[in-house]
Amino acid sequence: MLNNVDTPIQTANFLDMVRRAIGSDWVHTSATTVNRYGETTLPGADNPPPAVIYPGSVDEVVAIVIAANQTGTPIFPISNGNNISQGSRAPVGPNQVVVDLGRRMNRILDFNEDMGIVTVEPGVSYQQMHDELARRGGRFMIDVTSGPPAGSVLGNALDKGAGYTPYADHFAMTCGMEIVLGNGELLRTGDGALESARSWHMSKYSYGPYLDGLFVQSNYGIVTQAGFWLMPKPPVIRSFAFTFEEDDDVGDIVAAIRPLRMSGFVPTMMRLCNDLWLLASEGPHPNYVSGRSLTDDERRDLQRSHNIGSWTVSGAFYGGSEEAINPMIDRVRAHFAGLGRGRYISHDEAMEAPTLASAVAAYSGVPSVHEMKQLAWRPGGGMASFTPGVPMDRDLILRSSRKSREILQAHGLEYLKMYVCGPRFARGLHHLLWNRTIKDEDCAADQAYKALAAAYTEFGLQVGRSPIRYQDFHMSLLGAMTRKTCEAIKDVLDPQGIIAPGRYGIGREAIG
């Protein structure tokens with residue numbers, strides 16, 4: 001018996017077909033289950049699905065997709081459902097049955113230790129991958145995110161997620177995918193299209209068009225496995241950090257980072273975090289009042305108590321020994337000293353400070369829960385990510401940072417920001433934190449997100465990822481030909497529109 005009284009009859013027929021195909025034990029419709037899967041940290045109401053199903057193999061995924069096509073039932077595939085601040089496990093539209101790939105399809109299918117290639121299913125998590133690499137002797141490391149260690153390696157890559165090491169671009173480190181298309185057919189990309197292939201996960205660019213990118217931030221198919229390239233683990237990893245006192249130092253810091261990254265001298269991405277990004281992980285809000293953000297004086301008190309400034313930048317060097325790395329540290333210290341301000345923080349000092357030790361873990365390929373503690377900064381569990389990309393330009397970084405602070409403070413929210421800096425471009429991660437149980441705060445968070453999106457659109461900048469509630473909005477900002485092309489591909493690969501309609505703004509369903 002389904003718990004959602006509004007569930008269409010075709011969904012009931014679909015679930016009967018799925019029970020016959022994969023077994024009743026793997027079709028769940030209890031209120032406890034569907035309510036849990038409907039939870040998000042986003043503004044607005046939760047969105048429980050009518051059911052959750054757990055396939056155990058690619059053949060079972062094919063059977064589910066065929067049944068969905070035959071009954072016209074929309075399905076919403078997830079990996080591990082740990083996309084916190086983006087939508088978690090909740091479907092993007094109403095009456096979409098969640099297909100949880102992570103519960104049973106969580107195997108490391110192959111490990112080529114000579115080439116440093118691992119083949120994984122959607123449920124393989126960062127923690128699982130890290131533990132397996134350690135078990136095998138620690139020759140390789142996986143690039144991790146700031147998100148939960150239980151997050152999916154494959155799922156993050158498909159949502160254009162990224163990390164901090166030289167292998168930070170997670171999709172770029174994939175090679176060869178297996179996909180169940182929306183029409184129920186099976187596709188293997190790259191050399192996997194050749195039945196006798198010996199190098200499926202070694203060569204990204206085989207004969208013909210490069211198809212893998214079609215399945216990144218799209219709803220054209222369900223990726224059931226992929227190959228990943230692993231980074232050889234260096235013998236020694238040493239971090240460096242500098243903290244700066246003033247809010248407006250951010251532009252000069254970015255200008256100083258750019259040559260270090262463009263030349264490749266610093267091999268890692270460089271994390272540039274503001275005070276509250278770091279401090280929100282250290283405990284609950286020190287003076288929470290609904291609808292009010294911290295004053296500058298209150299922020300200064302927090303900075304002094306944790307011995308950091310308004311902005312803290314960090315990175316890491318890899319080498320064969322500390323002696324080999326020390327000259328690199330000296331050089332980067334001299335480079336930042338040229339700004340005439342900023343305090344150097346050594347690797348050893350960083351390891352004693354939880355706010356900075358989590359960055360060292362990220363540069364070392366070690367999953368950490370530390371930054372997810374931001375969820376407890378304010379009560380009520382509200383969290384949404386706004387993630388514009390910003391060129392590494394001093395003036396634009398400064399102007400956009402000021403605008404972000406202005407908008408968030410106007411809505412009674414704190415400004416939490418981390419720039420993940422590459423050679424020419426930075427991912428600008430904002431975390432909006434609020435009390436979802438207070439209607440005015442929930443509305444303020446929604447309004448703040450939309451105001452940020454409008455402001456950055458005016459700057460000529462767009463997001464790299466989006467919470468499910470705003471995906472249709474962000475797609476609407478793109479050119480007509482882009483939208484038309486995305487819909488045309490959907491019509492070919494998923495002609496009945498059964499895979500997550502509305503996800504990423506493609507298809508016809510979305511939460512308003």
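Atoms considered below: every heavy atom in the structure, side chains included; atoms not considered: hydrogens, waters and symmetry mates. Just so we're clear, the structure is a prediction, and the values are computed from it rather than from any experiment.
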request  = For residues 19-70, pull every pair meeting ring pair (Phe, Tyr, Trp, His ring centres under 6.0 Å), keeping only residues two or more places apart or in separate chains.
outcome  = His28-Tyr54
task = Would you confirm whether Glu441, through its side chain, and Trp434, through its main-chain N or O, come within 3.5 Å as a donor-acceptor pair?
result = no
Backbone of Gly161 reached by a side-chain donor or acceptor of Arg427 within 3.5 Å = no
query = What is the ring orientation for Phe111 with Phe140, classed by angle as parallel under 30°, tilted 30 to 60°, or perpendicular over 60°?
reply = tilted
request  = Only pairs at least two apart or in different chains count here, so list each salt bridge (Lys or Arg N to Asp or Glu O under 4.0 Å) that has a residue in residues 188-201.
outcome  = Glu178-Arg188
message = Whether the Glu371 and His431 side chains hold a donor-acceptor pair (N or O, under 3.5 Å, no angle test) is what I'd like checked.
response = no
ask   = Does the side chain of Tyr456 pick up a donor-acceptor pair with the side chain of Ser404 at under 3.5 Å?
value = yes
query = Got a sec: does the NZ of Lys204 have more than 12 other heavy atoms crowding it under 6.0 Å?
reply = yes
query = Will you find, in the side chains of Glu39 and Asn35, an N or O donor that is under 3.5 Å from an N or O acceptor?
reply = no
query = Do the rings of His430 and Tyr415 sit parallel, tilted or perpendicular, given the 30° and 60° boundaries?
reply = tilted
query = Between the side chain of Thr189 and the main-chain N/O of Met177, is any donor-acceptor distance below 3.5 Å?
reply = yes
task = Assess the side chains of Thr73 and Thr71: does a donor N or O sit below 3.5 Å from an acceptor N or O?
result = yes
request  = If a pair satisfies ring pair (Phe, Tyr, Trp, His ring centres under 6.0 Å) and one of its residues is in residues 192-213, list it, with sequence neighbours excluded.
outcome  = Tyr205-Tyr210
inquiry  = Keeping Asn219 on the side-chain end and Ala500 on the backbone end, is there a donor-acceptor pair under 3.5 Å?
reply    = yes
request  = Would you please say whether a donor-acceptor pair under 3.5 Å links the side chains of Asn83 and Arg465?
outcome  = yes
